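See structure below.
Computed over heavy atoms, backbone and side chain alike; hydrogens, waters and symmetry mates excluded. Order of the sequence lines sets the chain letters (A, B, ...), proteins ahead of strands, with each chain counted from 1. Since this is a predicted model, take the numbers as computed values, not measurements.
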There are 2 protein chains.
Amino acid sequence: MGNPLDIGKIQNGNEETEASPSPSRRRESREKRREQLIKATIESLAVRGYAATTLADVSDGAKLSRGIVNFHFDSKDNLLLETLQFMSDEYQENWKARYAAAPSDTAHKLTALITADLDRKICTPHTVAAWFALMAEAKSRPAYQKLVWERDTKYRGRLTEYCRKAKDEAGYTFDPENVTAAIYAMQEGLWLRLMLSGRKYKRTDALKIAMEMLGTIFPKHFDADGRPLTKTPMRKPGRKT
Amino acid sequence: MGNPLDIGKIQNGNEETEASPSPSRRRESREKRREQLIKATIESLAVRGYAATTLADVSDGAKLSRGIVNFHFDSKDNLLLETLQFMSDEYQENWKARYAAAPSDTAHKLTALITADLDRKICTPHTVAAWFALMAEAKSRPAYQKLVWERDTKYRGRLTEYCRKAKDEAGYTFDPENVTAAIYAMQEGLWLRLMLSGRKYKRTDALKIAMEMLGTIFPKHFDADGRPLTKTPMRKPGRKT
DNA sequence: CGCGCTACTGAACAGCCATTCAATAAAACT
DNA sequence: AGTTTTATTGAATGGCTGTTCAGTAGCGCG
(Lines give C-alpha, C1' and ligand atoms only; values in the text may rest on other atoms or scores of the structure.)
Protein backbone atom coordinates (compact mmCIF):
# COMPACT_ATOMS: atom_id res chain seq x y z
CA MET A 1 0.00 0.00 0.00
CA GLY A 2 1.53 3.21 -1.06
CA ASN A 3 2.31 2.97 -4.75
CA PRO A 4 1.50 6.20 -6.51
CA LEU A 5 -1.14 4.88 -8.92
CA ASP A 6 0.32 6.67 -11.89
CA ILE A 7 -2.32 8.57 -13.80
CA GLY A 8 -0.25 11.64 -14.42
CA LYS A 9 -0.88 11.38 -18.11
CA ILE A 10 -4.60 11.16 -18.18
CA GLN A 11 -6.17 9.73 -21.26
CA ASN A 12 -8.15 12.80 -22.13
CA GLY A 13 -10.45 10.98 -24.49
CA ASN A 14 -11.89 14.27 -25.69
CA GLU A 15 -11.05 15.76 -29.03
CA GLU A 16 -8.15 17.70 -27.56
CA THR A 17 -5.84 16.72 -30.39
CA GLU A 18 -4.41 20.19 -30.64
CA ALA A 19 -0.61 19.88 -30.73
CA SER A 20 0.17 20.90 -27.18
CA PRO A 21 2.80 23.66 -27.43
CA SER A 22 5.37 22.23 -25.08
CA PRO A 23 5.12 18.80 -23.51
CA SER A 24 7.10 19.92 -20.48
CA ARG A 25 4.56 22.55 -19.63
CA ARG A 26 4.07 22.67 -15.94
CA ARG A 27 1.32 25.16 -15.73
CA GLU A 28 -2.05 23.98 -16.76
CA SER A 29 -5.38 25.67 -16.95
CA ARG A 30 -7.34 25.72 -13.78
CA GLU A 31 -10.04 23.39 -15.07
CA LYS A 32 -7.66 20.78 -16.39
CA ARG A 33 -5.83 20.55 -13.11
CA ARG A 34 -8.98 20.29 -11.12
CA GLU A 35 -10.26 17.49 -13.28
CA GLN A 36 -6.93 15.73 -13.12
CA LEU A 37 -6.98 15.89 -9.35
CA ILE A 38 -10.55 14.70 -9.19
CA LYS A 39 -9.70 11.71 -11.33
CA ALA A 40 -6.78 10.90 -9.11
CA THR A 41 -9.16 11.13 -6.15
CA ILE A 42 -11.61 8.70 -7.73
CA GLU A 43 -8.74 6.35 -8.43
CA SER A 44 -7.56 6.44 -4.86
CA LEU A 45 -11.04 6.11 -3.41
CA ALA A 46 -11.55 3.01 -5.50
CA VAL A 47 -8.22 1.41 -4.71
CA ARG A 48 -7.63 2.47 -1.12
CA GLY A 49 -11.09 3.32 0.11
CA TYR A 50 -12.37 6.44 1.76
CA ALA A 51 -10.60 6.16 5.06
CA ALA A 52 -7.19 5.40 3.61
CA THR A 53 -7.23 8.08 0.93
CA THR A 54 -4.83 10.87 1.85
CA LEU A 55 -3.98 14.07 0.07
CA ALA A 56 -0.52 12.67 -0.46
CA ASP A 57 -2.09 9.79 -2.39
CA VAL A 58 -3.99 12.19 -4.58
CA SER A 59 -1.07 14.46 -5.34
CA ASP A 60 1.25 11.52 -5.91
CA GLY A 61 -1.34 9.94 -8.18
CA ALA A 62 -1.45 13.14 -10.22
CA LYS A 63 2.34 13.39 -10.11
CA LEU A 64 2.20 16.77 -8.46
CA SER A 65 3.38 18.19 -5.22
CA ARG A 66 1.93 18.00 -1.75
CA GLY A 67 0.31 21.38 -1.44
CA ILE A 68 -1.48 21.17 -4.78
CA VAL A 69 -4.85 20.02 -3.52
CA ASN A 70 -5.21 22.75 -0.95
CA PHE A 71 -4.26 25.22 -3.63
CA HIS A 72 -6.98 24.11 -6.01
CA PHE A 73 -9.65 22.91 -3.61
CA ASP A 74 -8.90 24.65 -0.32
CA SER A 75 -9.47 21.54 1.75
CA LYS A 76 -9.70 17.79 1.56
CA ASP A 77 -13.36 17.95 2.48
CA ASN A 78 -14.01 20.21 -0.43
CA LEU A 79 -12.06 18.01 -2.80
CA LEU A 80 -14.21 15.05 -1.85
CA LEU A 81 -17.39 17.07 -2.20
CA GLU A 82 -16.41 18.31 -5.63
CA THR A 83 -15.48 14.80 -6.63
CA LEU A 84 -18.97 13.70 -5.73
CA GLN A 85 -20.40 16.62 -7.65
CA PHE A 86 -18.28 15.69 -10.65
CA MET A 87 -19.48 12.11 -10.66
CA SER A 88 -23.05 13.21 -10.15
CA ASP A 89 -22.85 15.58 -13.12
CA GLU A 90 -21.26 12.96 -15.30
CA TYR A 91 -24.01 10.53 -14.37
CA GLN A 92 -26.79 12.95 -15.18
CA GLU A 93 -25.33 14.12 -18.44
CA ASN A 94 -25.03 10.53 -19.50
CA TRP A 95 -28.60 9.43 -18.92
CA LYS A 96 -30.05 12.66 -20.22
CA ALA A 97 -28.17 12.29 -23.48
CA ARG A 98 -29.21 8.67 -23.85
CA TYR A 99 -32.76 9.48 -22.97
CA ALA A 100 -32.91 12.29 -25.51
CA ALA A 101 -31.44 10.13 -28.25
CA ALA A 102 -33.90 7.28 -27.75
CA PRO A 103 -36.98 6.78 -29.94
CA SER A 104 -40.00 8.32 -28.35
CA ASP A 105 -41.97 5.17 -27.57
CA THR A 106 -42.23 4.08 -23.98
CA ALA A 107 -40.27 0.86 -24.32
CA HIS A 108 -37.26 2.59 -25.84
CA LYS A 109 -37.30 5.43 -23.36
CA LEU A 110 -37.37 2.96 -20.52
CA THR A 111 -34.56 1.01 -22.12
CA ALA A 112 -32.52 4.18 -22.45
CA LEU A 113 -32.98 5.05 -18.79
CA ILE A 114 -32.07 1.59 -17.60
CA THR A 115 -29.10 1.02 -19.85
CA ALA A 116 -27.70 4.48 -19.15
CA ASP A 117 -27.06 3.42 -15.58
CA LEU A 118 -24.92 0.57 -16.78
CA ASP A 119 -23.20 2.45 -19.55
CA ARG A 120 -19.54 1.80 -20.15
CA LYS A 121 -18.75 5.45 -19.58
CA ILE A 122 -19.99 5.75 -16.04
CA CYS A 123 -20.10 2.21 -14.83
CA THR A 124 -16.44 1.36 -14.50
CA PRO A 125 -15.26 -0.57 -11.45
CA HIS A 126 -13.37 2.49 -10.24
CA THR A 127 -16.24 4.91 -10.62
CA VAL A 128 -18.69 2.64 -8.89
CA ALA A 129 -16.31 1.93 -6.02
CA ALA A 130 -15.63 5.62 -5.54
CA TRP A 131 -19.32 6.35 -5.68
CA PHE A 132 -20.10 3.92 -2.88
CA ALA A 133 -17.15 5.12 -0.85
CA LEU A 134 -18.62 8.59 -0.84
CA MET A 135 -22.22 7.52 -0.57
CA ALA A 136 -21.53 5.46 2.52
CA GLU A 137 -20.47 8.66 4.22
CA ALA A 138 -23.60 10.49 3.12
CA LYS A 139 -25.50 9.60 6.25
CA SER A 140 -23.08 11.60 8.35
CA ARG A 141 -22.48 14.36 5.80
CA PRO A 142 -25.49 16.47 4.93
CA ALA A 143 -23.73 17.99 1.92
CA TYR A 144 -23.19 14.55 0.41
CA GLN A 145 -26.68 13.48 1.22
CA LYS A 146 -28.13 16.49 -0.52
CA LEU A 147 -26.16 15.86 -3.70
CA VAL A 148 -27.01 12.18 -3.82
CA TRP A 149 -30.64 12.84 -3.10
CA GLU A 150 -30.92 15.39 -5.88
CA ARG A 151 -29.30 13.06 -8.36
CA ASP A 152 -31.72 10.33 -7.36
CA THR A 153 -34.78 12.51 -7.50
CA LYS A 154 -34.27 13.71 -11.05
CA TYR A 155 -33.63 10.28 -12.45
CA ARG A 156 -36.42 8.64 -10.55
CA GLY A 157 -38.86 11.30 -11.56
CA ARG A 158 -38.27 10.50 -15.18
CA LEU A 159 -38.46 6.79 -14.52
CA THR A 160 -41.78 7.15 -12.74
CA GLU A 161 -43.14 9.12 -15.65
CA TYR A 162 -42.52 6.24 -17.99
CA CYS A 163 -43.69 3.54 -15.62
CA ARG A 164 -46.94 5.44 -15.42
CA LYS A 165 -47.09 5.84 -19.18
CA ALA A 166 -46.50 2.13 -19.64
CA LYS A 167 -49.28 1.37 -17.24
CA ASP A 168 -51.68 3.63 -19.12
CA GLU A 169 -50.74 2.06 -22.42
CA ALA A 170 -51.01 -1.56 -21.46
CA GLY A 171 -53.22 -1.58 -18.41
CA TYR A 172 -50.78 -3.06 -15.95
CA THR A 173 -52.05 -3.33 -12.42
CA PHE A 174 -48.96 -2.28 -10.53
CA ASP A 175 -48.48 0.93 -8.62
CA PRO A 176 -46.07 3.07 -10.70
CA GLU A 177 -44.33 4.61 -7.72
CA ASN A 178 -43.61 1.24 -6.21
CA VAL A 179 -42.39 -0.24 -9.45
CA THR A 180 -40.11 2.73 -9.95
CA ALA A 181 -38.70 2.29 -6.48
CA ALA A 182 -38.17 -1.40 -7.13
CA ILE A 183 -36.41 -0.85 -10.46
CA TYR A 184 -34.24 1.88 -9.12
CA ALA A 185 -33.30 -0.18 -6.08
CA MET A 186 -32.37 -3.02 -8.37
CA GLN A 187 -30.11 -0.73 -10.37
CA GLU A 188 -28.25 0.40 -7.29
CA GLY A 189 -28.02 -3.13 -6.05
CA LEU A 190 -26.49 -4.19 -9.35
CA TRP A 191 -23.92 -1.45 -8.98
CA LEU A 192 -23.10 -2.69 -5.54
CA ARG A 193 -22.63 -6.21 -6.80
CA LEU A 194 -20.46 -4.99 -9.60
CA MET A 195 -18.25 -3.30 -7.04
CA LEU A 196 -18.11 -6.17 -4.60
CA SER A 197 -17.61 -9.02 -6.97
CA GLY A 198 -14.38 -7.85 -8.53
CA ARG A 199 -14.18 -9.58 -11.86
CA LYS A 200 -16.78 -12.27 -11.30
CA TYR A 201 -19.61 -10.15 -12.66
CA LYS A 202 -19.36 -7.90 -15.63
CA ARG A 203 -21.27 -4.85 -16.65
CA THR A 204 -22.88 -6.82 -19.45
CA ASP A 205 -24.20 -9.43 -17.03
CA ALA A 206 -25.85 -6.72 -14.99
CA LEU A 207 -27.30 -5.28 -18.15
CA LYS A 208 -28.83 -8.60 -19.04
CA ILE A 209 -30.35 -9.01 -15.60
CA ALA A 210 -31.83 -5.53 -15.71
CA MET A 211 -33.33 -5.95 -19.16
CA GLU A 212 -34.80 -9.33 -18.38
CA MET A 213 -36.47 -7.75 -15.38
CA LEU A 214 -37.96 -5.08 -17.62
CA GLY A 215 -39.38 -7.87 -19.72
CA THR A 216 -40.96 -9.41 -16.65
CA ILE A 217 -42.43 -6.18 -15.34
CA PHE A 218 -43.66 -4.81 -18.66
CA PRO A 219 -44.56 -7.94 -20.65
CA LYS A 220 -46.59 -5.95 -23.18
CA HIS A 221 -43.66 -3.67 -23.96
CA PHE A 222 -40.76 -6.11 -23.98
CA ASP A 223 -40.21 -9.70 -24.94
CA ALA A 224 -38.95 -12.18 -22.37
CA ASP A 225 -35.34 -11.27 -23.01
CA GLY A 226 -36.01 -7.61 -22.53
CA ARG A 227 -36.07 -6.51 -26.16
CA PRO A 228 -38.39 -3.56 -26.75
CA LEU A 229 -41.49 -4.45 -28.75
CA THR A 230 -42.20 -1.62 -31.13
CA LYS A 231 -44.29 -3.29 -33.81
CA THR A 232 -47.56 -2.24 -32.25
CA PRO A 233 -47.61 1.49 -31.51
CA MET A 234 -49.90 0.55 -28.68
CA ARG A 235 -52.93 2.63 -27.91
CA LYS A 236 -55.27 2.14 -25.08
CA PRO A 237 -56.41 -1.48 -25.40
CA GLY A 238 -55.52 -1.61 -29.12
CA ARG A 239 -55.97 -4.87 -30.91
CA LYS A 240 -52.80 -6.66 -31.79
CA THR A 241 -51.27 -8.15 -35.02
CA MET B 1 -19.18 16.55 16.54
CA GLY B 2 -17.86 14.81 19.58
CA ASN B 3 -20.73 14.02 21.89
CA PRO B 4 -20.29 10.61 23.42
CA LEU B 5 -23.45 8.94 22.04
CA ASP B 6 -24.38 7.46 25.33
CA ILE B 7 -25.14 3.81 25.02
CA GLY B 8 -23.45 2.77 28.19
CA LYS B 9 -26.60 1.10 29.33
CA ILE B 10 -27.37 -1.10 26.40
CA GLN B 11 -30.91 -2.28 26.06
CA ASN B 12 -30.08 -5.94 26.21
CA GLY B 13 -33.37 -7.07 24.77
CA ASN B 14 -32.53 -10.68 25.56
CA GLU B 15 -34.00 -12.55 28.46
CA GLU B 16 -31.10 -11.53 30.67
CA THR B 17 -33.41 -10.47 33.46
CA GLU B 18 -31.21 -12.00 36.13
CA ALA B 19 -30.83 -9.44 38.91
CA SER B 20 -27.35 -8.19 38.24
CA PRO B 21 -25.50 -8.59 41.56
CA SER B 22 -24.09 -5.10 41.86
CA PRO B 23 -24.94 -2.25 39.54
CA SER B 24 -21.55 -0.66 40.05
CA ARG B 25 -19.75 -3.70 38.81
CA ARG B 26 -16.86 -2.70 36.66
CA ARG B 27 -15.69 -6.05 35.60
CA GLU B 28 -17.79 -7.81 33.07
CA SER B 29 -17.52 -11.09 31.32
CA ARG B 30 -15.40 -11.04 28.22
CA GLU B 31 -18.30 -11.68 25.88
CA LYS B 32 -20.50 -8.95 27.31
CA ARG B 33 -17.80 -6.35 26.96
CA ARG B 34 -17.01 -7.33 23.43
CA GLU B 35 -20.62 -7.09 22.41
CA GLN B 36 -20.98 -3.78 24.16
CA LEU B 37 -18.01 -2.41 22.30
CA ILE B 38 -19.26 -3.75 18.99
CA LYS B 39 -22.60 -2.05 19.52
CA ALA B 40 -20.85 1.20 20.30
CA THR B 41 -18.88 0.75 17.10
CA ILE B 42 -22.02 0.26 15.04
CA GLU B 43 -23.49 3.35 16.63
CA SER B 44 -20.49 5.44 15.78
CA LEU B 45 -20.20 4.10 12.25
CA ALA B 46 -23.81 5.05 11.67
CA VAL B 47 -23.58 8.51 13.17
CA ARG B 48 -20.10 9.59 12.24
CA GLY B 49 -19.23 7.37 9.32
CA TYR B 50 -16.27 5.11 8.79
CA ALA B 51 -13.57 7.71 8.38
CA ALA B 52 -14.56 9.75 11.40
CA THR B 53 -14.96 6.84 13.79
CA THR B 54 -12.09 6.78 16.27
CA LEU B 55 -11.33 4.44 19.11
CA ALA B 56 -11.99 7.32 21.45
CA ASP B 57 -15.52 7.53 20.06
CA VAL B 58 -16.08 3.86 20.66
CA SER B 59 -14.74 3.83 24.20
CA ASP B 60 -16.59 7.03 25.07
CA GLY B 61 -19.78 5.59 23.60
CA ALA B 62 -19.38 2.54 25.80
CA LYS B 63 -18.48 4.75 28.77
CA LEU B 64 -15.16 3.03 29.20
CA SER B 65 -11.56 4.08 29.06
CA ARG B 66 -9.29 4.70 26.13
CA GLY B 67 -7.29 1.53 26.11
CA ILE B 68 -10.29 -0.78 26.34
CA VAL B 69 -10.62 -1.58 22.66
CA ASN B 70 -7.02 -2.62 22.23
CA PHE B 71 -7.40 -4.73 25.33
CA HIS B 72 -10.38 -6.65 23.98
CA PHE B 73 -9.76 -6.53 20.25
CA ASP B 74 -6.02 -5.93 19.87
CA SER B 75 -6.44 -3.35 17.12
CA LYS B 76 -8.94 -1.02 15.52
CA ASP B 77 -8.80 -3.02 12.33
CA ASN B 78 -9.76 -6.13 14.19
CA LEU B 79 -12.60 -4.36 15.99
CA LEU B 80 -14.05 -3.30 12.67
CA LEU B 81 -13.66 -6.76 11.22
CA GLU B 82 -15.36 -8.38 14.19
CA THR B 83 -18.12 -5.82 13.98
CA LEU B 84 -18.73 -6.85 10.40
CA GLN B 85 -18.66 -10.49 11.45
CA PHE B 86 -21.17 -9.74 14.20
CA MET B 87 -23.59 -8.07 11.83
CA SER B 88 -23.15 -10.80 9.29
CA ASP B 89 -23.94 -13.47 11.87
CA GLU B 90 -26.97 -11.60 13.12
CA TYR B 91 -28.22 -11.27 9.56
CA GLN B 92 -27.84 -14.94 8.80
CA GLU B 93 -29.39 -16.15 12.02
CA ASN B 94 -32.37 -13.97 11.33
CA TRP B 95 -33.20 -15.17 7.86
CA LYS B 96 -32.47 -18.78 8.68
CA ALA B 97 -34.89 -18.67 11.59
CA ARG B 98 -37.59 -17.01 9.51
CA TYR B 99 -37.02 -19.40 6.69
CA ALA B 100 -37.27 -22.42 8.95
CA ALA B 101 -40.46 -21.15 10.57
CA ALA B 102 -42.26 -20.51 7.28
CA PRO B 103 -44.78 -22.96 5.78
CA SER B 104 -43.15 -25.24 3.29
CA ASP B 105 -44.80 -24.00 0.11
CA THR B 106 -42.76 -21.97 -2.31
CA ALA B 107 -44.64 -18.72 -1.93
CA HIS B 108 -44.25 -18.65 1.82
CA LYS B 109 -40.60 -19.61 1.73
CA LEU B 110 -39.94 -16.82 -0.73
CA THR B 111 -41.87 -14.42 1.44
CA ALA B 112 -39.84 -15.45 4.45
CA LEU B 113 -36.57 -14.84 2.65
CA ILE B 114 -37.63 -11.45 1.37
CA THR B 115 -39.18 -10.16 4.55
CA ALA B 116 -36.28 -11.36 6.65
CA ASP B 117 -34.07 -8.81 4.95
CA LEU B 118 -36.37 -6.03 6.05
CA ASP B 119 -37.04 -7.38 9.50
CA ARG B 120 -37.27 -4.90 12.32
CA LYS B 121 -34.45 -6.69 14.14
CA ILE B 122 -31.75 -6.22 11.56
CA CYS B 123 -33.01 -3.39 9.45
CA THR B 124 -32.62 -0.43 11.75
CA PRO B 125 -31.23 2.82 10.37
CA HIS B 126 -28.09 2.38 12.44
CA THR B 127 -27.43 -1.17 11.41
CA VAL B 128 -27.92 -0.43 7.75
CA ALA B 129 -25.74 2.65 7.84
CA ALA B 130 -22.97 0.76 9.62
CA TRP B 131 -23.28 -2.06 7.15
CA PHE B 132 -22.75 0.21 4.18
CA ALA B 133 -19.95 2.05 5.91
CA LEU B 134 -18.06 -1.22 6.18
CA MET B 135 -19.16 -2.60 2.83
CA ALA B 136 -17.91 0.47 1.00
CA GLU B 137 -14.45 -0.39 2.25
CA ALA B 138 -14.74 -3.97 1.13
CA LYS B 139 -13.20 -3.28 -2.26
CA SER B 140 -9.93 -2.30 -0.63
CA ARG B 141 -10.08 -4.83 2.20
CA PRO B 142 -9.98 -8.46 1.20
CA ALA B 143 -11.04 -9.61 4.65
CA TYR B 144 -14.23 -7.55 4.46
CA GLN B 145 -14.89 -8.66 0.94
CA LYS B 146 -14.63 -12.28 1.90
CA LEU B 147 -17.10 -11.91 4.75
CA VAL B 148 -19.62 -9.98 2.68
CA TRP B 149 -19.31 -12.37 -0.20
CA GLU B 150 -19.92 -15.39 1.99
CA ARG B 151 -22.97 -13.82 3.53
CA ASP B 152 -24.31 -13.06 0.08
CA THR B 153 -23.62 -16.48 -1.32
CA LYS B 154 -25.51 -18.39 1.33
CA TYR B 155 -28.59 -16.25 1.13
CA ARG B 156 -28.63 -16.07 -2.62
CA GLY B 157 -28.18 -19.79 -2.93
CA ARG B 158 -31.36 -20.35 -1.01
CA LEU B 159 -33.16 -17.68 -2.98
CA THR B 160 -32.14 -19.25 -6.27
CA GLU B 161 -33.40 -22.60 -5.07
CA TYR B 162 -36.88 -21.20 -4.60
CA CYS B 163 -36.92 -19.16 -7.77
CA ARG B 164 -36.14 -22.35 -9.58
CA LYS B 165 -38.81 -24.22 -7.68
CA ALA B 166 -41.35 -21.54 -8.52
CA LYS B 167 -40.44 -21.78 -12.17
CA ASP B 168 -40.91 -25.53 -12.14
CA GLU B 169 -44.26 -25.24 -10.43
CA ALA B 170 -45.78 -22.55 -12.61
CA GLY B 171 -43.85 -22.67 -15.83
CA TYR B 172 -42.45 -19.17 -15.76
CA THR B 173 -40.10 -18.36 -18.59
CA PHE B 174 -37.47 -16.39 -16.70
CA ASP B 175 -33.94 -17.50 -15.97
CA PRO B 176 -33.84 -18.32 -12.24
CA GLU B 177 -30.29 -17.09 -11.76
CA ASN B 178 -31.08 -13.76 -13.30
CA VAL B 179 -34.27 -13.31 -11.35
CA THR B 180 -32.43 -14.12 -8.16
CA ALA B 181 -29.80 -11.54 -8.97
CA ALA B 182 -32.47 -8.98 -9.71
CA ILE B 183 -34.38 -9.61 -6.51
CA TYR B 184 -31.29 -9.59 -4.40
CA ALA B 185 -30.07 -6.41 -6.02
CA MET B 186 -33.42 -4.83 -5.31
CA GLN B 187 -33.14 -5.79 -1.67
CA GLU B 188 -29.76 -4.16 -1.31
CA GLY B 189 -30.95 -1.12 -3.16
CA LEU B 190 -33.87 -0.81 -0.78
CA TRP B 191 -31.43 -0.93 2.12
CA LEU B 192 -29.42 1.80 0.54
CA ARG B 193 -32.46 3.96 0.11
CA LEU B 194 -33.49 3.35 3.67
CA MET B 195 -30.11 4.58 4.77
CA LEU B 196 -29.98 7.61 2.51
CA SER B 197 -33.47 8.88 2.91
CA GLY B 198 -33.40 9.44 6.63
CA ARG B 199 -37.02 9.44 7.73
CA LYS B 200 -38.67 9.87 4.36
CA TYR B 201 -38.88 6.14 3.72
CA LYS B 202 -39.74 3.59 6.30
CA ARG B 203 -38.98 -0.06 6.57
CA THR B 204 -42.63 -0.87 5.95
CA ASP B 205 -42.60 1.06 2.67
CA ALA B 206 -39.64 -0.96 1.49
CA LEU B 207 -41.44 -4.11 2.53
CA LYS B 208 -44.44 -3.17 0.46
CA ILE B 209 -42.30 -2.44 -2.59
CA ALA B 210 -40.51 -5.75 -2.27
CA MET B 211 -43.68 -7.78 -1.87
CA GLU B 212 -45.40 -6.09 -4.75
CA MET B 213 -42.43 -6.96 -6.91
CA LEU B 214 -42.75 -10.59 -5.85
CA GLY B 215 -46.34 -10.44 -7.04
CA THR B 216 -45.19 -9.12 -10.40
CA ILE B 217 -42.44 -11.66 -10.88
CA PHE B 218 -44.37 -14.71 -9.62
CA PRO B 219 -47.97 -13.96 -10.60
CA LYS B 220 -49.05 -17.56 -10.12
CA HIS B 221 -47.74 -17.62 -6.56
CA PHE B 222 -48.76 -14.19 -5.29
CA ASP B 223 -51.62 -11.80 -5.84
CA ALA B 224 -50.96 -8.30 -7.15
CA ASP B 225 -50.26 -6.96 -3.67
CA GLY B 226 -47.74 -9.67 -2.96
CA ARG B 227 -49.89 -11.90 -0.79
CA PRO B 228 -48.93 -15.58 -1.08
CA LEU B 229 -51.54 -17.67 -2.86
CA THR B 230 -51.77 -21.05 -1.23
CA LYS B 231 -55.17 -22.28 -2.31
CA THR B 232 -53.97 -24.16 -5.36
CA PRO B 233 -51.17 -26.59 -4.51
CA MET B 234 -49.91 -26.00 -8.04
CA ARG B 235 -48.57 -28.81 -10.19
CA LYS B 236 -46.74 -28.63 -13.44
CA PRO B 237 -48.86 -26.82 -16.05
CA GLY B 238 -52.13 -27.60 -14.25
CA ARG B 239 -55.28 -26.18 -15.79
CA LYS B 240 -56.76 -23.28 -13.93
CA THR B 241 -60.15 -22.58 -12.32
C1' DC C 1 -6.80 -11.65 55.43
C1' DG C 2 -3.52 -11.85 51.97
C1' DC C 3 -2.50 -13.24 47.47
C1' DG C 4 -2.75 -13.54 43.02
C1' DC C 5 -5.41 -12.81 38.81
C1' DT C 6 -7.58 -10.47 35.44
C1' DA C 7 -10.16 -6.60 33.69
C1' DC C 8 -9.42 -2.09 33.22
C1' DT C 9 -7.39 2.68 33.24
C1' DG C 10 -5.26 6.79 31.32
C1' DA C 11 -1.02 9.14 30.57
C1' DA C 12 2.70 8.93 27.33
C1' DC C 13 4.34 8.25 22.78
C1' DA C 14 5.24 7.98 18.09
C1' DG C 15 3.59 8.35 13.57
C1' DC C 16 0.71 10.23 10.29
C1' DC C 17 -1.67 13.70 7.86
C1' DA C 18 -4.12 18.11 6.53
C1' DT C 19 -2.86 22.60 6.24
C1' DT C 20 0.14 26.67 5.85
C1' DC C 21 3.32 29.56 3.67
C1' DA C 22 7.51 31.54 2.06
C1' DA C 23 10.04 30.72 -1.98
C1' DT C 24 10.16 29.79 -6.89
C1' DA C 25 9.17 29.56 -11.58
C1' DA C 26 6.43 29.92 -15.50
C1' DA C 27 3.28 32.68 -18.14
C1' DA C 28 1.02 37.21 -19.25
C1' DC C 29 1.17 41.74 -19.82
C1' DT C 30 3.15 46.46 -20.57
C1' DA D 1 13.14 43.54 -20.63
C1' DG D 2 10.79 44.32 -16.61
C1' DT D 3 6.83 43.75 -13.87
C1' DT D 4 2.84 41.53 -12.34
C1' DT D 5 0.15 37.65 -11.93
C1' DT D 6 -0.59 33.04 -11.28
C1' DA D 7 0.51 28.22 -10.57
C1' DT D 8 3.34 25.23 -8.07
C1' DT D 9 6.49 23.48 -4.75
C1' DG D 10 7.99 21.17 -0.48
C1' DA D 11 9.49 21.82 4.09
C1' DA D 12 7.59 23.02 8.53
C1' DT D 13 3.83 22.77 11.82
C1' DG D 14 0.53 21.30 14.90
C1' DG D 15 -3.18 18.43 15.93
C1' DC D 16 -5.13 14.04 16.10
C1' DT D 17 -5.19 9.04 16.74
C1' DG D 18 -3.84 4.15 17.37
C1' DT D 19 -1.07 1.71 20.37
C1' DT D 20 1.59 0.71 24.48
C1' DC D 21 2.31 -0.18 29.16
C1' DA D 22 3.02 0.57 33.93
C1' DG D 23 -0.06 0.97 37.33
C1' DT D 24 -4.83 0.24 39.73
C1' DA D 25 -8.77 -1.98 41.44
C1' DG D 26 -12.30 -5.33 41.76
C1' DC D 27 -12.83 -10.37 42.49
C1' DG D 28 -12.22 -15.18 43.94
C1' DC D 29 -9.63 -18.49 46.40
C1' DG D 30 -7.16 -20.49 49.99
Side-chain angles (χ1 to χ4, degrees), chain A residues 1-5 8-10 18 20-38 40-41 44-45 48-83 137 140-141, chain B residues 1-5 8 10 20-38 40-41 44-45 48-83 137 140-141:
Chain A
M1 52 183 85
N3 45 346
L5 292 180
K9 290 290 176 188
I10 279 186
E18 42 156 326
S20 47
S22 76
S24 68
R25 205 159 77 132
R26 286 226 302 216
R27 296 170 130 239
E28 273 291 355
S29 78
R30 214 167 176 82
E31 270 319 299
K32 280 266 180 60
R33 272 278 179 273
R34 287 170 62 89
E35 190 168 326
Q36 183 188 2
L37 289 169
I38 283 175
T41 306
S44 180
L45 284 174
R48 288 181 243 272
Y50 188 101
T53 289
T54 71
L55 290 188
D57 293 329
V58 174
S59 50
D60 287 359
K63 291 241 175 101
L64 292 167
S65 71
R66 290 289 135 96
I68 194 73
V69 169
N70 283 281
F71 178 75
H72 282 286
F73 291 93
D74 294 337
S75 70
K76 185 184 181 185
D77 256 32
N78 191 243
L79 168 69
L80 260 10
L81 187 61
E82 297 218 28
T83 301
E137 296 287 303
S140 44
R141 304 216 171 210
Chain B
M1 50 184 88
N3 44 348
L5 293 179
I10 281 186
S20 49
S22 77
S24 66
R25 205 159 77 134
R26 287 225 302 216
R27 296 165 134 241
E28 272 292 353
S29 77
R30 214 164 178 86
E31 271 319 299
K32 281 264 180 63
R33 271 280 179 273
R34 288 169 63 90
E35 191 169 325
Q36 182 188 2
L37 289 169
I38 284 176
T41 305
S44 181
L45 285 173
R48 288 181 243 271
Y50 188 99
T53 289
T54 71
L55 289 188
D57 292 329
V58 174
S59 50
D60 286 359
K63 293 240 174 100
L64 292 167
S65 71
R66 290 289 135 96
I68 193 73
V69 169
N70 283 281
F71 179 75
H72 281 287
F73 291 92
D74 294 336
S75 70
K76 185 185 181 183
D77 257 31
N78 191 242
L79 168 69
L80 260 11
L81 187 62
E82 297 219 28
T83 301
E137 297 287 303
S140 44
R141 305 217 169 210

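For C:dC8, one of the phosphate oxygens OP1 or OP2 lies less than 4.0 angstrom from a side-chain nitrogen or oxygen of B:R33. Considering only side-chain N and O atoms, B:R30 lies under 4.0 angstrom from the phosphate OP1 or OP2 of C:dA7.
In terms of the side chain to side chain donor-acceptor pair (under 3.5 Å) criterion, residue partners of B:T53 (sequence neighbours excluded) are, by chain and number, B:S44. Every side chain to side chain donor-acceptor pair (under 3.5 Å) that B:T54 has, sequence neighbours left out, goes to B:D57. A:R30 meets the salt bridge (charged side-chain N to carboxylate O under 4.0 Å, His left out) test with no other residue; sequence neighbours excluded. Here B:S140 pairs with B:E137 under the side-chain contact (heavy atoms from CB on, under 4.5 Å) rule; sequence neighbours left out.
Rounded to a whole Å, the CG atom of B:L80 is 16 Å from the C1' atom of D:dT19. Rounded to an integer number of Å, the gap from CZ of A:R34 to P of D:dA7 is 11 Å. Between A:K63 atom NZ and D:dA7 atom C1' there is a gap of 20 Å when expressed in whole angstrom units.
Within the structure, every pair that satisfies the salt bridge (charged side-chain N to carboxylate O under 4.0 Å, His left out) test and touches residues 67-82 of chain A, not counting sequence neighbours, is listed here: A:R34-A:E82, A:D77-A:R141.
Less than 4.0 Å separates DNA chain D from at least one heavy atom of each of the following residues of residues 68-78 of chain B: B:N70, B:S75, B:K76.
Closest to the side chain of B:T54, out of D:dT17, C:dA18, D:dA11, is D:dT17.
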